[in-house]
Number of protein chains: 2
Amino acid sequence: MPTELPTEPPTGRLSRARILAAAIDLVEREGADAVSMRRIASELGVGVMSLYNHVPNKDALLDGVAETVLSGVEFTDDPGAHWTDRVRMQARAFRQIAHHYPRCTMLVVSRQLHSHAGLLPVERALATLRGAGFGGEDAVRALRMFIAFIVGSLLREVGVTPTFAPVHAGTLKAEEVDPALFPEVSALAPLLDSCDHEAEFEFGLELLIQAIGVHAGRGEGAR
Amino acid sequence: MPTELPTEPPTGRLSRARILAAAIDLVEREGADAVSMRRIASELGVGVMSLYNHVPNKDALLDGVAETVLSGVEFTDDPGAHWTDRVRMQARAFRQIAHHYPRCTMLVVSRQLHSHAGLLPVERALATLRGAGFGGEDAVRALRMFIAFIVGSLLREVGVTPTFAPVHAGTLKAEEVDPALFPEVSALAPLLDSCDHEAEFEFGLELLIQAIGVHAGRGEGAR
DNA sequence: TTGACGCACGTACACCGTACGTGCAAGCCT
DNA sequence: AGGCTTGCACGTACGGTGTACGTGCGTCAA
């Protein structure tokens with residue numbers, strides 16, 4: 001469990017932290033579509049317009065949600081480890097978002113954050129790569145590659161149905177598709193609509209780490 | 001340019017195709033946030049509720065937009081080519097979405113489509129991979145990897161700011177970040193806030209194709 | 001004590017999705 | 001031809017949305 005993000009004071013005065021906590025809670029319970037200023041206010045037992053004393057508008061509030069969730073990921077970095085292990089750890093830390101805040105994942109992924117919370121993972125990743133001997137351009141390239149992979153993977157994992165959907169196990173694929181039109185899809189349907197997200201993520205991660213390692217000519221040694 | 005999607009009849013009666021065309025146009029001109037049933041109706045010079053004779057609700061309308069955009073990608077497949085070339089072509093075709101319909105990209109990516117339009121690219125990809133000798137599991141794995149990469153790359157490319165933002169060239173990074181807190185980000189700022197999306201995409205694509213090729217032990221030959 | 005200020009709150013407005021009812025035109029069956 | 005069904009454009013209405021603005025109350029500084 002991530003570090004109990006904003007240390008929400010459960011009572012007393014309103015605050016940005018309490019509002020964000022309520023918003024995150026609401027998103028996780030009922031989905032992003034259920035979020036409205038009125039809903040959050042009523043959740044907090046407070047007038048709607050009171051929120052605007054702590055948050056400029058709804059969009060900024062959602063940015064705050066994304067930022068808070070992102071800053072809640074636990075990056076445990078071991079500067080002594082091999083760069084491949086460090087990258088692995090950082091990527092997995094990112095994926096924790098999809099576990100702890102599945103309904104918020106879309107928010108985090110769909111707004112780029114220029115705040116500290118958004119820059120910190122970038123800084124860590126770049127430090128790791130540069131420490132492993134990557135040049136500036138190579139490091140940025142590799143980082144972008146990892147981010148694209150992680151973002152794409154998380155979106156697949158959270159299913160990204162807007163409101164409902166616990167996780168939609170059997171997504172009405174099988175026997176629904178015409179085997180004449182889509183022979184491969186039809187034949188592979190069992191494989192397609194079941195997905196071990198963890199295994200899939202780990203597979204892609206290893207593939208990427210190894211590929212980037214050999215690309216930069218440091219598949220083995222280095223530090 | 002994609003194939004003039006629904007062959008919109010410019011006048012006469014209302015139709016699902018005309019509504020979808022108007023919606024796509026509106027999204028591209030003013031962003032997804034500008035889309036409302038009233039807005040689309042007034043765009044078409046028609047009463048709001050007339051739309052509901054052709055579309056069950058707004059959500060389905062947006063699904064239709066995503067589906068239409070997706071079905072507009074030009075997949076030119078050469079069954080005789082090497083599988084690596086075919087995969088390259090398919091990935092690039094996908095990326096065309098971000099060029100022709102940048103503001104719609106988020107819609108396409110954020111709703112999974114179980115329709116023909118959504119299944120066709122999957123079918124094609126699986127067919128080429130299986131034709132190259134990939135087993136069922138390997139093919140599905142590889143496909144998921146490619147999709148994650150492509151989705152992540154497209155999201156980065158379209159910037160994914162909800163409404164405005166032409167593309168935000170210099171995104172207020174440089175001289176904004178504290179070099180003491182984020183030394184790497186600060187040092188690499190010029191590299192970070194400029195991005196040749198095409199080159200970046202091609203780099204990742206080659207990396208992935210090569211990695212998946214060697215992973216499956218068919219880096220060179222095969223067919 | 002008095003003034004300023006922070007902040008919770010109510011009201012109001014423009015806009016949203018859409019349920020429901022109405023009326024008109026075209027096509028079908030006797 | 002007369003009647004009926006059906007399809008479709010449209011208006012009205014309801015509950016919900018973000019938020020601009022004004023008001024009043026508490027707590028501090030002078």
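Lettering of chains follows the sequences in order, A, B, ..., and the numbering in each one begins at 1.
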Short side-chain N/O contact to D:dA9 OP1/OP2 from B:Asn53, under 4.0 Å: yes
What integer distance in Å separates A:Arg16:CZ from C:dG6:P? 18 Å
Strictly below 4.0 Å: does A:His54 bring a side-chain N or O up to OP1 or OP2 of C:dA8? yes
The single option from B:Thr76, B:Asp77, B:Asp78 that satisfies side chain to side chain donor-acceptor pair (under 3.5 Å) with B:Arg86 is B:Asp77
Does this structure show an ion pair linking B:Arg92 with B:Glu202, if we count only N-O contacts that are shorter than 4.0 Å? yes
Qualifying salt bridge (Lys or Arg N to Asp or Glu O under 4.0 Å) pairs, either residue in residues 41-58 of chain A, two or more places apart: A:Arg29-A:Glu43, A:Arg39-A:Glu43
Classify every nucleotide of nucleotides 13-24 of chain D by which part a protein heavy atom approaches to under 4.0 Å, writing B for the base, S for the sugar-phosphate alone and - for neither, in 5'-to-3' order. B---BBBBB---
Using atom CD1 of B:Ile19 as one end and atom P of C:dG17 as the other, report the distance to the nearest whole Å. 13 Å
Between B:Phe75 and B:Phe94, what is the ring plane arrangement, given parallel below 30°, perpendicular above 60°, and tilted in between? perpendicular
Salt-bridged, B:Arg124 to A:Glu184, with N to O below 4.0 Å? no
4.5 Å side-chain heavy-atom contact, A:Arg95 and A:Leu154: yes
